[in-house]
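These numbers come from the heavy atoms of this one structure, side chains and all, not from hydrogens, waters or symmetry mates.
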Amino acid sequence: MKKRILSAVLCIVMVLTAFSIVPFSVSAVDTANGVDTGAEQIIKFDPSGTGWSNYKYIFCHIWVYGGDPLTAWQAKASKMTKVSDTEWTYDVSKSGSSISTDGTPYAVIFSNENGMQTYDLLFDSSVLGDTAYCNADEEIKNPADSSKTCKPAYWKGQDPAKYGPVKTITFIGNIVGSCIPSTTTPYKMFVDFLKNNLSYAQLYSDKDDQAILDDVAGGLGLYRRDVENAIIDAGVLVNWSRNKSSLLNINENGYISEINLLVSSLPWESYNSIFGEIVSSNGVVSSGAYISKTKEIVSFENNKFSLIYTFDLSNVDMINESDFKIRFFTDKSQYTPWIEINNTSFGDFIYYESGEYKLGAFNNPNKLNFENTRTGIKISWSAARNASKYRLLRYANNNNWETVCETSALSFEDKNVNDGEKYTYMVCGLDSAGNILDDENLYDDETEYFQPPVIESLTNTKDGIKISWNPTKGYESYRVYCKVNGAADWTRVGDTEETSFVYTDVKKGDKYTFTIRHISKDKSVFLSSFDQTGKSIVYDEPHIIIILGDADKDGTLSVIDATCIQKYLADLITESDIDLSVCDTDHDSTISVLDATRIQKFLAGLIEEM
């Protein structure tokens with residue numbers, strides 16, 4: 001039986017507050033957000049974007065968010081009515097209950113009899129009468145099992161940040177969904193993640209602590225100070241540094257306290273260092289006024305090399321004043337003019353354009369992250385302050401940027417990729433009307449896609465189990481993992497640059513499951529995901545057939561066996577590298593070059609038997 005994805009059983013990083021269902025009656029037609037919420041409580045669904053096929057029924061599974069369902073899963077009372085191929089309807093009264101009008105949050109999943117279902121979609125009584133739909137090319141990671149995906153649904157007439165797919169954190173630290181339930185907050189979600197699921201992310205996400213915390217906090221719209229406080233509240237030990245963080249900084253009074261300088265736009269000659277200086281509006285230099293660089297971002301702006309320095313202002317003692325001035329200078333006495341800013345300008349960047357120094361907000365993401373999955377490249381990015389949604393573009397062979405998608409999420413998986421090829425992506429922020437906010441300061445980055453290796457065969461040998469796979473284009477090295485008798489976790493058993501590996505720690509009758517991933521040659525970077533199902537075999541030591549002349553012990557007779565005998569006679573290999581018991585091919589009780597010659601004659605058909 002299918003269960004809703006965010007049920008308490010799945011232990012997702014949320015604390016769900018139980019609500020009680022309040023039956024009510026409506027005597028007149030009311031409207032909210034332009035949607036009819038009259039006496040008939042109707043929910044509509046357009047399944048055309050789901051990709052479903054060969055189904056007869058669609059079920060509407062509703063529950064009070066954090067509480068009880070209105071019906072049992074796929075009960076008769078939850079069947080929807082087909083109006084057309086693009087419209088199915090559900091009258092909530094069929095459930096024997098109704099949607100409360102007091103603002104109580106509800107969630108809904110649409111499913112069919114073939115086991116297909118959508119992801120949890122939030123709504124309340126104001127949404128009744130609206131139509132839910134899915135985007136044909138959009139899937140998200142299943143919060144409970146990151147090896148699986150599910151289809152998010154949206155309301156056609158609603159802001160997905162208010163009524164949309166439930167925003168949550170998966171076990172391995174991915175952010176899915178767009179709507180944070182009223183039963184929690186981004187900060188509480190982050191603390192709960194650190195307490196309950198950080199260990200899973202550390203084990204399975206292929207990211208270090210710095211990247212895990214920055215990516216999760218950034219996806220929730222949190223700042224560096226939030227991360228510092230959350231680590232304390234969660235009581236966890238992590239290897240995270242505020243000075244290495246990609247997040248915006250915020251001071252104790254709630255102001256973002258960093259400013260960015262687009263260095264590559266400045267008309268400066270060569271220099272070694274850049275400094276910042278700040279004074280109050282009346283000209284008083286603040287203590288701690290010389291600002292140190294905390295991080296730099298190397299990126300591309302319209303295919304031109306771009307360098308951004310970020311300066312931390314949190315230690316400046318007048319940082320909470322409403323107005324002040326800032327300037328930057330080099331060790332070669334090159335200065336910007338004094339630029340007037342206030343605490344609402346923090347997080348913006350200063351740049352030089354058309355002979356003027358200007359101050360602007362980050363309307364485009366300034367950081368891209370990539371993750372190779374089994375089906376494509378997952379691109380994720382930092383939030384841009386003024387963006388309502390984002391446009392993801394990919395650089396094409398015709399020297400143009402092509403749109404991959406537009407989304408309100410902070411990630412997307414591009415499945416139109418080929419193994420071993422490099423791809424360059426760019427993300428730009430859009431306003432609510434879909435217009436690009438800033439077409440000048442755009443940042444792109446390149447990645448290379450590697451599919452996980454596919455195991456071709458598992459073979460029982462007298463030495464253990466031989467795992468073989470096809471080479472990956474452009475591969476450097478492989479890491480082999482194993483599970484024994486259905487164990488829950490994978491265990492690393494070896495690294496190799498070959499396309500086969502013999503696992504020797506075996507026992508007759510035990511079941512062994514293997515999977516492989518592509519890693520860099522220095523073994524520091526995972527270059528592909530891995531098949532989380534793997535391929536299995538029960539070990540049974542094979543019956544060994546002794547072949548006269550099989551010096552290399554591979555079960556066949558070849559010229560390599562003759563070469564092994566010659567290498568042994570020349571002291572190039574030792575007894576451990578050769579099976580001496582089968583090398584006396586001429587039966588004269590000695591091993592000599594004549595034995596190697598006899599193998600060659602047999603292979604050439606000059607003698608009929610060994």
Side-chain angles (χ1 to χ4, degrees), residues 11-13 141 143 146 168-176 186-252 256-258 292-299 308-312 314-315 365-372 378-383 410-411 445 447 477 479 481 489-492 495 517-530:
C11 300
I12 300 304
V13 187
K141 293 285 188 182
S146 61
T168 190
I169 311 169
T170 70
F171 282 124
I172 62 172
N174 293 322
I175 303 291
V176 298
Y187 182 78
K188 187 177 187 308
M189 289 170 61
F190 187 60
V191 172
D192 289 342
F193 167 75
L194 295 180
K195 285 181 178 179
N196 302 321
N197 284 333
L198 175 61
S199 59
Y200 291 98
Q202 290 170 323
L203 185 62
Y204 297 114
S205 71
D206 299 340
K207 299 178 183 178
D208 59 21
D209 287 358
Q210 187 78 38
I212 292 172
L213 270 63
D214 276 4
D215 290 350
V216 173
L220 295 172
L222 301 177
Y223 302 104
R224 269 184 266 175
R225 180 171 289 275
D226 295 320
V227 175
E228 292 173 319
N229 292 334
I231 291 172
I232 296 172
D233 289 345
V236 294
L237 295 175
V238 292
N239 186 19
W240 180 87
S241 168
R242 71 185 301 275
N243 290 332
K244 295 179 180 178
S245 176
S246 62
L247 300 171
L248 289 174
N249 192 30
I250 191 167
N251 66 13
E252 60 187 6
I256 298 172
S257 52
E258 64 184 24
S292 61
K293 180 184 68 176
T294 57
K295 64 177 182 290
E296 64 182 53
I297 305 166
V298 178
S299 60
I308 296 173
Y309 280 4
T310 299
F311 294 85
D312 184 0
S314 59
N315 294 323
N366 56 30
K367 179 184 179 183
L368 299 181
N369 296 311
F370 302 104
E371 176 189 351
N372 284 333
K378 180 185 177 184
I379 307 101
S380 56
W381 50 87
S382 56
L410 295 176
S411 65
D445 203 353
T447 188
S477 191
R479 179 158 294 170
Y481 299 85
D489 298 328
W490 293 101
T491 299
R492 171 185 169 185
D495 297 334
R517 82 182 326 155
H518 181 197
I519 62 174
S520 61
K521 196 167 186 176
D522 63 4
K523 301 176 177 56
S524 64
V525 179
F526 294 121
L527 300 179
S528 78
S529 63
F530 58 91

For the residue pair [X] and [Y], what are the closest heavy atoms and their distance?
X: Trp381; Y: Leu368; answer: CB-CD2, 3.7 Å
X: Ala234; Y: Leu194; answer: CB-CB, 3.6 Å
X: Ala217; Y: Val227; answer: CB-CG2, 3.6 Å

| After noting the C-alpha distance and the side-chain angles of Leu213 and Ile231, does the key distance pass the side-chain contact (heavy atoms from CB on, under 4.5 Å) rule? | CA-CA 10 Å; Leu213 270 63; Ile231 291 172; 3.8 Å; yes

| query | Lys207: what forms a salt bridge (charged side-chain N to carboxylate O under 4.0 Å, His left out) with it, not counting sequence neighbours? | reply | Asp215

| note | Contacts of Asp208 meeting salt bridge (charged side-chain N to carboxylate O under 4.0 Å, His left out) (sequence neighbours excluded), chain-then-number -> none

[X] versus [Y]: any side-chain heavy-atom pair under 4.5 Å?
X: Phe530; Y: Arg479; result: no
X: Leu527; Y: Ile519; result: no
X: Glu371; Y: Ser380; result: no
X: Ile212; Y: Phe193; result: yes
X: Ile169; Y: Leu220; result: yes
X: Phe190; Y: Asp226; result: no

Roughly how far apart are [X] [atom1] and [Y] [atom2], rounded to 0.5 Å?
X: Asn197; Y: Gln202; atom1: CG; atom2: CD; result: 11.0 Å
X: Thr168; Y: Asp192; atom1: OG1; atom2: CG; result: 9.5 Å
X: Phe171; Y: Leu203; atom1: CZ; atom2: CG; result: 13.0 Å

Between the main-chain N or O of [Y] and the side-chain N or O of [X], is there a donor-acceptor pair closer than 3.5 Å?
X: Asp209; Y: Val238; result: no
X: Ser528; Y: His518; result: yes
X: Asn174; Y: Thr170; result: no

| Any chance the side chains of Asn239 and Gln210 put a donor and an acceptor closer than 3.5 Å? | no

| request: Taking atom types as modelled, find out whether Asn372 and Lys378 have a side-chain donor-acceptor pair closer than 3.5 angstrom. | output: no

| query | For Tyr200, does the OH atom sit with more than 12 other heavy atoms under 6.0 Å from it, leaving out its own atoms? | reply |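 Incorrect, the count does not exceed 12.
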
| query | Passes side-chain contact (heavy atoms from CB on, under 4.5 Å), Tyr481 versus Thr491? Steps please. | reply | CA-CA 5 Å; Tyr481 299 85; Thr491 299; over 6 Å; no

| Going through the checks in order, is the side-chain hydrogen bond (donor to acceptor under 3.5 Å, both in side chains) test met by Asp233 and Tyr187? | CA-CA 10 Å; Asp233 289 345; Tyr187 182 78; 2.5 Å; yes

